[in-house]
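Before any comments, here is the structure.
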Amino acid sequence: MADNEGNIDAKDFGIGIPQKQEGFFLKGNENACYGIKSRLAQVFNPRSGRAVMLAFDHGFIMGPTSGLERIDLTINPLIEYADCIMCTRGILRSIVPPTCNKPVSLRFDSGTTILTSLNDETLEDIEDAVRLNASLLAVMVAIGDPDHEGSTIRNLTKTVDMGLRYGIPTLGVTAVGKNLTRDARYLSLATRVCAENGANVIKTYYCDEHFDQVVNSCPVPIVIAGGKKLPERDALTLAKNAIDQGAAGVDMGRNIFQSDSPVGMILAVREVVHNGATVDQAYDCYQTYKAEGKCPNACCCNK
Ligand code: R5P
């Protein structure tokens with residue numbers, strides 16, 4: 001208990017100076033509660049307003065896909081360069097060092113694999129997400145899938161409700177599926193449905209035409225998945241185009257961990273996302289790291 005004697009009287013009340021009010025830097029989350037904003041500010045850099053999320057949750061539907069056979073060897077060395085990691089609770093508990101001190105976007109649903117029908121999902125336990133110190137709850141939503149649209153939207157709704165109880169924001173993940181197209185019309189609908197149902201951030205795909213319409217019609221931030229492995233320059237171009245059209249970051253996996261220089265690639269992606277690099281500059285960053293094991297410029301290491 002504070003000492004009751006010898007205290008200095010309070011006198012600096014700042015009379016006449018209005019209390020400083022700070023707006024929140026992520027669109028659509030101004031009215032969220034403190035816990036949600038605080039966790040979002042762990043994932044997204046308040047200086048740039050953006051995030052480089054490293055996704056390696058693929059095993060929950062794909063098994064040991066290329067680059068994820070030994071996460072301890074391939075992914076753990078990359079974690080220090082990410083703003084946030086996206087993975088399952090199994091990998092978190094078994095392989096990711098708790099000392100990495102990175103916010104976690106926890107894969108919060110599980111169900112079917114690529115061997116059967118994707119997107120038939122159930123949810124995990126919110127108390128486990130709390131135990132794991134999750135900063136985001138990631139849930140797949142299969143808009144337009146006649147078999148799983150309803151159940152996955154209900155999953156999103158339940159996740160948002162559970163997250164609100166504990167101040168953990170929800171990441172709506174627009175699903176992949178054989179019959180789901182990835183044009184602006186579909187992506188606008190899918191992202192908007194996730195936002196309308198309360199997701200704080202949406203992960204979706206970039207599309208070549210009218211991606212800015214997808215971003216603008218979504219009231220909360222969008223991050224893009226990288227998708228299947230592309231040549232490094234093409235992946236950086238994809239990230240650059242998405243950022244230039246308003247994406248708040250990337251949640252990228254294969255184009256980083258399947259690269260011939262994963263560290264070079266994540267540093268190059270950081271240059272695009274946080275430092276306004278051109279594709280040429282970012283590609284130079286990747287190539288220099290690949291050749292010399294170090295960055296071409298200081299800001300590249302500005303994690
Ligand atoms: C898919 O299983 C996951 O949602 C991935 O996190 C997502 O697809 C992002 O990874 P990638 O950049 O490899 O597409």
Side-chain angles (χ1 to χ4, degrees), residues 43 51-69 71 74-75 78-79 81-92 96 102-121 124 134-143 145 148 152 155-156 159 170-178 180 182 187 190-191 194 199 201-207 222-232 234-243 247-259 262 265-266 268-270 272-273:
V43 174
V52 174
M53 300 167 64
L54 177 63
F56 48 99
D57 58 327
H58 306 59
F60 93 111
I61 53 172
M62 294 180 180
T65 193
S66 171
L68 297 182
E69 301 91 338
I71 287 175
T74 55
I75 299 297
L78 293 177
I79 288 178
Y81 304 101
D83 297 314
C84 171
I85 55 174
M86 169 135 165
C87 62
T88 60
R89 62 181 179 177
I91 292 300
L92 202 54
V96 174
K102 291 287 175 180
V104 174
S105 174
L106 182 68
R107 169 55 72 174
F108 196 60
D109 55 354
S110 59
T112 42
T113 71
I114 51 170
L115 297 180
T116 56
S117 76
L118 286 171
N119 304 325
D120 188 4
E121 306 285 270
E124 292 171 4
S135 292
L136 264 180
L137 305 170
V139 178
M140 188 90 89
V141 186
I143 311 290
D145 175 342
H148 304 119
T152 56
N155 279 347
L156 174 69
T159 303
T170 295
L171 174 70
V173 179
T174 67
V176 288
K178 279 194 238 41
L180 304 180
R182 292 187 190 172
L187 296 175
T191 54
C194 289
V201 182
I202 319 291
K203 171 164 125 170
T204 195
Y205 292 91
Y206 178 73
C207 57
I222 283 182
V223 293
I224 59 147
K228 66 174 195 257
K229 174 75 175 68
L230 302 168
E232 279 72 8
D234 293 353
L236 293 169
T237 303
L238 178 113
K240 176 70 177 164
N241 287 342
I243 292 295
V250 300
D251 189 3
M252 194 176 265
R254 287 163 288 180
N255 278 292
I256 292 173
F257 62 71
Q258 291 178 350
S259 169
M265 195 56 187
I266 194 168
V269 171
R270 293 193 68 81
V272 168
V273 171

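Whatever order the structure lists ligands and atoms in, that order sets their numbers, starting from 1. Source: prediction; values computed, not measured. The figures here come from the full heavy-atom set of this structure, side chains too, leaving out hydrogens, waters and symmetry mates.
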Should the proximity of Met140 to ligand 1, defined as any heavy atom under 4.0 Å, be assigned to the side chain, the backbone, both, or neither?
neither

Could you list which atoms of ligand 1 come closer than 4.0 Å to a heavy atom of Met252?
12 (O)

Closest non-hydrogen contact found for Ala138 with Ser105 is CB-OG, 3.8 Å

Looking at His58, which atoms of ligand 1 are within less than 4.0 Å of one of its heavy atoms?
2 (O), 5 (C), 10 (O), 11 (P), 13 (O)

Scanning both residues in full, the closest heavy-atom pair of Glu232 with Ser259 reads OE2-OG, 2.8 Å

Taking 4.0 angstrom as the limit and counting only heavy atoms of Ala225, give me the atoms of ligand 1 inside it, by number and element.
9 (C), 12 (O), 14 (O)

Among Thr174, Thr191, Asp251, side-chain hydrogen bond (donor to acceptor under 3.5 Å, both in side chains) partner for Thr204
Thr174

Residues Ala225 and Tyr205: closest non-hydrogen pair is CB-CE2, 3.8 Å

Side chains of Thr152 and Leu156 in contact at under 4.5 Å (non-hydrogen atoms)
no

Under 3.5 Å between any N/O of Lys203 and any N/O of ligand 1: does that happen in this structure?
yes

Side chain, backbone, both or neither: which applies to Asp251 and ligand 1 if a contact is any heavy-atom pair less than 4.0 Å apart?
backbone

Give me the one residue out of Asp83, Val269, Leu78, Val250 that meets side chain to side chain contact (heavy atoms under 4.5 Å, CB included) with Leu54.
Leu78

Option from Leu171, Thr159, Leu106, Val173 for which side chain to side chain contact (heavy atoms under 4.5 Å, CB included) with Val139 holds:
Thr159

Give a yes/no on ligand 1: does Met62 have at least one heavy atom closer than 4.0 angstrom to it?
no

Considering distance alone, does some N or O of Gly226 sit under 3.5 Å from an N or O of ligand 1?
yes

Would you indicate which of Val250, Leu54, Asp57, Ile224 comes nearest to atom 3 (C) of ligand 1 when only heavy atoms are counted?
Asp57

Quick one: which ligand 1 atoms are inside 4.0 Å of a heavy atom on Arg107?
3 (C), 4 (O)

Less than 3.5 Å between some nitrogen or oxygen of Gly227 and one of ligand 1, yes or no?
yes

Atoms of ligand 1, numbered as shown, that sit under 4.0 Å from any heavy atom of Arg254
11 (P), 12 (O), 13 (O), 14 (O)

Kindly compute the distance separating OG1 (Thr74) from CD (Glu69), expressed to the nearest 0.5 Å.
7.0 Å

Could you say whether the N/O atoms of Gly253 and ligand 1 ever approach to under 3.5 Å?
yes

Student check: side-chain heavy atoms of Met86 and Lys203 closer than 4.5 Å
yes

